[in-house]
Amino acid sequence: MSGEPYGFDDDEATRRLLRSQPPRAALAWAGAALSGTVTAVWPLRGGGASAVHLLRVERGDGPVERVVLRRYVRPELNEEEPDIAEREARALEFVADVDLGAGVSTPRLLALDATGVDAGVPALLMSRLPGRVEWAPPDMERWLDRLAGLLPDVHDAPLPPAGLIRPYAPYRQESYEPPGWARWPSIWARAIEWFHRPTPDGAGPNVFIHRDFHPGNVLWRRGRVTGVVDWASASVGPACVDVGHCRGNLFQYGLEVADRFTARWERLTGASYHPWADVATIIGSLDELRDEPPPHPERSLVEDALAIAEAELGRDP
């Protein structure tokens, strides 16, 4: 929920941490994993949890290969989630067998350094997918159609074996104080109460979910979706969680755009969107909303969405 596309509004400290040249040890590990040598490196924009770079790898007389190196460089994240790279690797291996439709791919896992013993920090090496992120679509309705159309295939995947993919849990926050810009603190207080309750039965059955589904994790080429990336948060939980998370990233275009996306998903699946997912998304972003407030127009949209969801939950028997 940001006025700038996610990962494209870096401050200087973030740029140094995430976009600077990877250390030699990480490049040596990546090259060795492919039995080659890294000869060029380019930072890839988008995302704030890890440093992502495109690598050019030469393998003797073999073909030149371009691959993606993802390094988890934030110490606080590695302390909180020490298995994050390993979890992502398991998710990539699982989703490799999931059919997301013609022409839609997921990154192929090439190598894993789960603890950072060789790369310096937990790291993964993945195949590069064609396409780029699209935050300013020339045709909004077609864009929404394609976004919504991806989710049923994700959620129709067979349930992963027990223990392979973690169960869904809301994102814990450092503080549950409403943001200082809140117009209606009482609505935030009631929503926070809902956030701490168990997932409601009406949210739907548990399925395989991306957990971080939004336009910044979908790649496009010539108007077609080519890939879905960033599976580190993959979970087993209600499908509406993915819908809600994407809605939160669509608020910047207006609540009506988020609602049109949701209506498309409902038509495709025959399911009804549960307003609890808006609460889980917004309160699950509370630290960010408080510490890095969105632009003023978006603040009102976020709070309006929360008020609508809280009111609908209040009518739920």
Side-chain angles (χ1 to χ4, degrees), residues 1-10 45-48 131-152 154 171 179 181-184 187-188 191 209-230 233 239-269 271-286 288-290 292-312:
M1 283 174 278
S2 169
E4 292 288 336
Y6 183 63
F8 287 73
D9 56 348
D10 300 338
R45 299 183 73 185
R132 63 187 181 89
V133 170
E134 179 62 82
W135 282 101
D139 185 336
M140 177 65 77
E141 301 312 309
R142 181 186 177 104
W143 186 68
L144 293 173
D145 283 341
R146 298 296 186 268
L147 285 175
L150 289 167
L151 286 179
V154 174
Y171 291 129
W181 46 263
R183 296 169 295 169
W184 307 312
I187 286 176
W188 289 85
I209 60 175
H210 184 284
R211 184 65 175 91
D212 193 21
F213 183 81
H214 63 81
N217 284 330
V218 177
L219 302 180
W220 301 75
R221 188 176 187 182
R222 297 174 183 171
R224 294 182 178 274
V225 175
T226 57
V228 181
V229 300
D230 198 354
S233 298
C240 65
V241 169
D242 276 343
V243 181
H245 191 80
C246 193
R247 282 173 55 84
N249 283 269
L250 295 177
F251 289 160
Q252 60 188 291
Y253 303 100
L255 292 187
E256 70 282 359
V257 172
D259 288 342
R260 295 206 302 271
F261 164 78
T262 307
R264 284 164 165 80
W265 175 79
E266 290 180 324
R267 286 197 298 269
L268 288 169
T269 63
S272 296
Y273 179 69
H274 200 291
W276 161 83
D278 271 7
V279 171
T281 296
I282 295 171
I283 303 303
S285 303
L286 193 52
E288 180 183 354
L289 290 170
R290 187 178 51 252
E292 300 177 26
H296 284 278
E298 191 177 341
R299 297 179 195 181
S300 296
L301 294 173
V302 169
E303 195 166 34
D304 289 346
L306 191 66
I308 293 168
E310 197 275 329
E312 290 179 355

Step-by-step side chain to side chain contact (heavy atoms under 4.5 Å, CB included) determination, Ile209 to Val154 = CA-CA 7 Å; Ile209 60 175; Val154 174; 5.7 Å; no

Apply the test side chain to side chain contact (heavy atoms under 4.5 Å, CB included) to residues Phe251 and Arg299: give CA-CA distance (whole Å), side-chain angles for both, the deciding distance (0.1 Å), then the verdict.
-> CA-CA 9 Å; Phe251 289 160; Arg299 297 179 195 181; over 6 Å; no

Report the C-alpha separation of Leu306 and Val279 in whole Å, then their side-chain angles, then the decisive distance to 0.1 Å, and conclude whether the side chain to side chain contact (heavy atoms under 4.5 Å, CB included) test is met.
-> CA-CA 6 Å; Leu306 191 66; Val279 171; 4.2 Å; yes

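Taking the side chain as every heavy atom from C-beta outward, Tyr171 and Leu286 never approach each other to under 4.5 Å. Annotation: side chain of Arg142 is not in contact with side chain of Met140 (no heavy-atom distance under 4.5 Å). Contact annotation: the side chain of Phe261 approaches that of Val243 to within less than 4.5 Å [non-hydrogen atoms, C-beta and beyond]. Side-chain contact between Trp220 and Val133 is absent, with no heavy-atom pair separated by less than 4.5 Å. Taking the side chain as every heavy atom from C-beta outward, Leu150 and Phe213 approach each other to under 4.5 Å. Residues Glu312 and Trp276 form no side-chain contact, since every pair of their non-hydrogen atoms from C-beta on lies 4.5 Å or further apart. With a 4.5 Å cut-off on side-chain heavy atoms, Pro215 and Leu147 count as touching. Between Ser272 and Cys240 there is no side-chain heavy-atom pair separated by less than 4.5 Å.
Residues satisfying the ring-ring contact (aromatic ring centres under 6.0 Å, His included) criterion with Trp181, sequence neighbours excluded, are Trp188. Every side-chain contact (heavy atoms from CB on, under 4.5 Å) that Leu301 has, sequence neighbours left out, goes to Leu255.
The minimum heavy-atom distance linking Pro138 with Glu134 is given by the pair CD-OE1, 4.3 Å. What you find for Ala309 and Asp278 is that their closest heavy atoms are CB-CB, 3.8 Å.
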Show the atom names and distances, to 0.1 Å, of all donor-acceptor pairs under 3.5 Å that link a side chain in residues 222-229 to residues at least two apart or in another chain.
residue	atom	partner	partner atom	Å
Thr226	OG1	Pro130	O	2.6
Thr226	OG1	Leu219	O	3.4

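Looking only at distances, no side-chain donor or acceptor of Thr281 sits under 3.5 Å from a matching main-chain atom of Gly248. Without hydrogens or angle criteria, Gln252 side chain to Asn249 main chain gives a donor-acceptor distance under 3.5 Å.
Atom CZ of Arg260 and atom CG of Leu250 lie 10.0 Å apart (nearest 0.5 Å). From Asp259, atom CG reaches atom CD of Glu266 across 9.0 Å, with rounding to the nearest 0.5 Å. Remark: Glu310 CD to Ile187 CD1 distance equals 6.5 Å, nearest 0.5 Å.
Ring pair Tyr253/Trp143: centre-to-centre distance below 6.0 Å.
Arg146 has no carboxylate O lying under 4.0 Å from a charged side-chain N of Glu141, or vice versa, which leaves the two without a salt bridge. Between Asp304 and Arg183, at least one side-chain N (NZ, or NE/NH1/NH2) sits under 4.0 Å from a carboxylate O, which counts as a salt bridge. A salt bridge is defined here as a Lys NZ or Arg NE, NH1 or NH2 lying under 4.0 Å from an Asp or Glu carboxylate O, and Asp242 with Arg211 fails to meet this definition.
Residues Asp212 and His245 bring a donor and an acceptor atom of their side chains to less than 3.5 Å of each other. A side-chain donor-acceptor contact under 3.5 Å links Arg247 and Thr262.
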